Amino acid sequence: MTASPLYSSIYAHVRRVPAGRVTTYGRIARQVACTARTVGFAMAALPAGHDVPWQRVINSQGKVSPRRSGDGDLIQRQLLEAEGVQFDARGRVDLVRYGWDPDGGRAGRNRTKERL
DNA sequence: AGGTTGACAAAGG
DNA sequence: GCCTTTGCCAACC
């Protein structure tokens, strides 16, 4: 185990993201009191056998980041679509619609009707 | 011990 | 709306 508490916190927050919803690195970074880069790094450092939906984590632009190795970005899009997340013509996700707010849980006003 | 890279974000042009 | 620069923090060489 020996996993840094920081990483554990990041993973914990990502796990809190419900299916069909997406969040941004900056938002998680804000929750764990860290920078967005650290969050991205934590995702890249995901160990095998993790139950963390890293695919639900995208950048503030509402788009998946073109990572350097592998075609994970394509996988991410496929997984999100499988969860019910729709992408824009340019491959962009509507954060206002699918964006998961850590504080939005209390006031459902901003929470767009989950049903399309 | 120091420099570079990286699944980012915010601000400026 | 897109591209460039700066700041950030952690891992890798």
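Chain A is the first sequence line, chain B the second, and so forth, proteins listed ahead of strands; every chain is numbered from 1. All values derive from a computational prediction rather than experimental measurement.
- Whole-Å rounding puts the A/Ile75 CD1 to B/dA7 C1' distance at 14 Å.
- Of the candidate nucleotides B/dA9, C/dC9, B/dG6, B/dA9 has the atom nearest to the side chain of A/Thr24.
- Note: CZ (A/Phe41) to P (B/dA9) measures 15 Å, nearest angstrom.
- Contact record, A/Trp100 with A/Arg27: O-NH1, 3.4 Å, taken as the closest heavy-atom pair.
- With distances taken from any side-chain atom of A/Arg67 to the nucleotides C/dC9, B/dA9, B/dA7, the minimum falls on B/dA7.
- Closest approach of A/Ser60 and A/Leu95 over heavy atoms only: O-CD1, 3.4 Å.
- Note: OH (A/Tyr11) to C1' (B/dA7) measures 12 Å, nearest angstrom.
- The CZ atom of A/Arg30 sits 12 Å away from the C1' atom of B/dA10 (whole-angstrom rounding).
- Residue A/Ile10 contributes atom CD1, which lies 13 Å from atom C1' of C/dA11 at whole-angstrom precision.
- Contact detail for A/Arg21 and A/Val85: the closest heavy-atom pair is N-CG2, 4.2 Å.
- Closest approach of A/Thr24 and A/Val57 over heavy atoms only: C-CG1, 4.5 Å.
- Contact between A/Thr35 and A/Thr38 at its shortest, heavy atoms only, is OG1-OG1, 2.9 Å.
- In this structure, OH of A/Tyr7 is placed 11 Å from C1' of B/dG6, rounded to the nearest angstrom.
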If you look only at distance, which donor and acceptor atoms sit under 3.5 Å apart when one is on a side chain in residues 42-52 of chain A and the other is two or more places apart or in another chain?
{"from": "A/Asp51", "atom 1": "OD1", "to": "A/Arg15", "atom 2": "NE", "distance (Å)": "3.1"}
{"from": "A/Asp51", "atom 1": "OD1", "to": "A/Arg15", "atom 2": "NH2", "distance (Å)": "3.3"}

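- Under 4.0 angstrom from either OP1 or OP2 of C/dC2 there lies at least one side-chain N or O belonging to A/Arg90.
- In this structure, A/Ile28 places its CD1 atom 16 Å from P of C/dA10, rounding to the nearest Å.
- Separating the CD atom in A/Gln76 from the CG atom in A/Asp73 is a distance of 7.5 Å, to the nearest 0.5 Å.
- Scanning residues 43-52 of chain A for heavy-atom distances under 4.0 Å to DNA chain B yields A/Met43, A/Ala44.
- With hydrogens and angles ignored, a donor-acceptor pair under 3.5 angstrom links the side chain of A/Tyr25 to the base of B/dA7.
- Taken from CD in A/Gln86 to OH in A/Tyr98, the straight-line distance is 4.0 Å, to the nearest 0.5 Å.
- Within the model, atoms OG1 of A/Thr23 and CG of A/Asn59 stand 11.0 Å from one another, a figure rounded to the nearest 0.5 Å.
- Across residues 58-66 of chain A, A/Asn59, A/Ser60, A/Ser65 each have a non-hydrogen atom less than 4.0 Å from an atom of DNA chain B (numbered order).
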